[in-house]
Amino acid sequence: MELPFAESWKIKMVEPIRKSTREEREEWLKEAHYNVFQLKSDQVYIDCITDSGTGAMSDRQWAAMMTGDEAYAGARSFYELKDTITRITGFPYVIPTHQGRAAENVLFSALVKEGDIVPGNSHFDTTKGHIESRKAFAVDCTVDIAHDTQLEAPFKGNVDIDKLEKVLSENKDRVPFIIVTITNNTAGGQPVSMQNLREVRKVADKYGKRVIFDSARFAENAYFIKSREEEFKNATIKEICREMFSLADGMTMSAKKDGLVNMGGFIATSHEDWFEGAKKYCIPFEGYLTYGGMNGRDMAALAVGLDENTEFEMLQTRIHQVEFLASLLDEYGIPYQRPAGGHAIFVDADLILTNVPKEEFPAQTLTIELYKEAGVRGCEIGYILADRDPVTRENRFGGMDFVRLAIPRRTYTDNHIRVIAAALKNVFDRRDRITRGVRIVWEAELMRHFTVQLEPLA
Ligand code: F0G
């Protein structure tokens with residue numbers, strides 16, 4: 001008989017987790033103002049709030065930590081990291097930062113000014129925040145099919161080239177760069193095809209613009225290119241990565257995802273002027289150029305993590321688990337952004353809590369119900385996260401309203417995945433009786449979802 005699929009690693013260290021009662025969870029939620037970011041992690045049984053910094057490191061990464069060089073200047077661990085990044089991406093200039101948003105802060109400080117327009121595919125919220133806080137505008141040029149959650153298409157993270165070209169032709173002098181997020185987190189962890197990256201490059205060249213990849217999940221994107229684009233079916237993940245990055249001028253990276261570390265990030269680029277521009281901001285914001293907010297040991301672990309996670313078996317194991325969760329939801333008839341994303345399943349709350357009006361935040365309501373049901377913590381990627389329009393201050397209800405179930409790398413087993421799916425099914429089965437959502441009691445001006453305080457309306 002054919003052997004079943006199994007993980008490409010075995011477990012060497014475990015961390016106990018604890019279940020709780022529904023009464024406990026109801027009390028904890030109230031104390032947390034119905035915002036799951038305010039819960040203590042001990043109050044969570046299975047944590048799907050993010051795949052960022054929540055993965056398990058390998059024995060080789062832990063071993064590398066012991067040999068990290070903590071020199072303030074010129075640390076060996078920096079050069080090991082830099083060489084690895086250059087080998088995988090082709091970019092010769094590297095600046096470490098403490099995480100992805102810090103890379104955005106440093107690079108955008110040099111590149112973005114008031115009134116600029118930065119087109120891209122569903123900018124992540126910190127990316128959008130770093131653009132809007134500089135009084136510039138993030139223009140979303142994602143393909144329209146990304147909004148049809150039930151449509152099966154291989155590359156729903158793509159940039160709509162016509163939309164991009166329109167922005168460029170109408171605002172040529174106001175665009176400092178184009179940013180492409182691989183994979184497209186906000187649209188559901190959906191990949192961007194190599195063909196699309198090539199088309200973006202072509203349009204960028206036509207208008208004399210540079211391109212940045214927001215690369216938090218670039219290795220997962222490469223996996224999808226290998227499995228869905230005929231031209232690359234025999235290429236290695238590392239070959240695909242080199243090809244992808246050859247189409248960009250630089251990258252910002254949250255290493256907490258595809259770098260397989262708990263904290264870290266970097267900027268890499270092929271342009272000396274960008275490097276020089278960013279350097280000036282790295283030193284005051286992050287630290288000296290050969291550590292930029294990271295410990296030597298963390299840079300050492302990241303170098304190993306980048307290498308490991310650009311190998312096919314590692315990515316296959318990961319994506320297989322996310323697809324397993326999707327297959328269970330299919331069995332229960334629960335709608336999500338199809339096909340399964342690389343790092344998460346994005347449950348379509350709009351299609352589930354049809355009795356809860358938009359103004360009462362269906363995805364947030366579903367997040368709360370899922371936590372109450374089983375202590376499973378998801379994350380709203382919807383109308384609360386979308387923040388208000390910077391000009392009109394109205395809520396932005398134009399996008400999608402998801403509960404994201406992000407799967408940490410190498411952390412949970414398939415049995416945990418079964419619990420997540422069953423908990424969601426129990427909520428799904430009583431969806432018709434959920435008729436009221438939540439209202440905002442307090443919110444921050446930008447990136448409100450982390451600290452928003454809510455009140456249930458029922
Ligand atoms: N870009 C993308 C596509 C991201 O998903 C994130 C973070 C960042 C940039 C910022 O990186 O967290 O290291 O500062 N995403 C996390 C998430 C928080 O849960 O999706 P960071």
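Start at 1 and go down the list; that is how both ligands and their atoms are numbered. The figures here come from the full heavy-atom set of this structure, side chains too, leaving out hydrogens, waters and symmetry mates. All figures in this text were calculated on a predicted structure; none of them were measured in a lab.
Below 4.0 Å from some heavy atom of T181 lie the following atoms of ligand 1, by number and element: 3 (C). Remark: ligand 1 atoms within the under-4.0 Å shell around heavy atoms of K256 are 13 (O).
Protein heavy atom at the shortest distance from atom 21 (P) of ligand 1 is Q99 NE2, 3.3 Å. Closest to atom 8 (C) of ligand 1, if we only count protein heavy atoms, is F124 CD2, 3.4 Å. The protein heavy-atom contact nearest to atom 10 (C) of ligand 1 is T126 OG1, 3.5 Å. The nearest protein atom to atom 12 (O) of ligand 1, hydrogens excluded, is given as R101 NH2, 2.8 Å; this is a heavy-atom distance. Among protein heavy atoms, the minimum distance from atom 13 (O) of ligand 1 is reached at S254 OG, 2.6 Å.
Residue-to-ligand polar distances keep T183 apart from ligand 1: every N/O pair is separated by 3.5 Å or more.
Of the candidates R404, K257, H123, K128, K257 brings a heavy atom nearest to atom 15 (N) of ligand 1.
Here R217 pairs with D51 in a salt bridge; the nearest charged N to carboxylate O distance falls below 4.0 Å. The existence of a salt bridge linking R338 and D330 is confirmed by a sub-4.0 Å separation between a basic side-chain nitrogen and an acidic carboxylate oxygen. The pair K279-E276 meets the salt-bridge criterion, since a charged nitrogen lies less than 4.0 angstrom from a carboxylate oxygen.
Between F397 and Y383, the gap from one ring centroid to the other is short of 6.0 Å.
Assignment of H343 to the shell around ligand 1 is not supported, since no heavy atom sits closer than 4.0 Å. Residue contacts with ligand 1 include E104, since one of its heavy atoms falls under 4.0 Å from the ligand.
Residue pairs meeting the side-chain hydrogen bond (donor to acceptor under 3.5 Å, both in side chains) criterion with at least one member in residues 290-301, sequence neighbours excluded: E70-R297, Y72-Y291, N295-D298.
By the side-chain hydrogen bond (donor to acceptor under 3.5 Å, both in side chains) test, T50 is found to be paired with no residue, residues two or more places apart in sequence or in another chain being considered.
Of all the heavy atoms in R242 and R87, the pair that sits closest is NH1-O, 2.9 Å.
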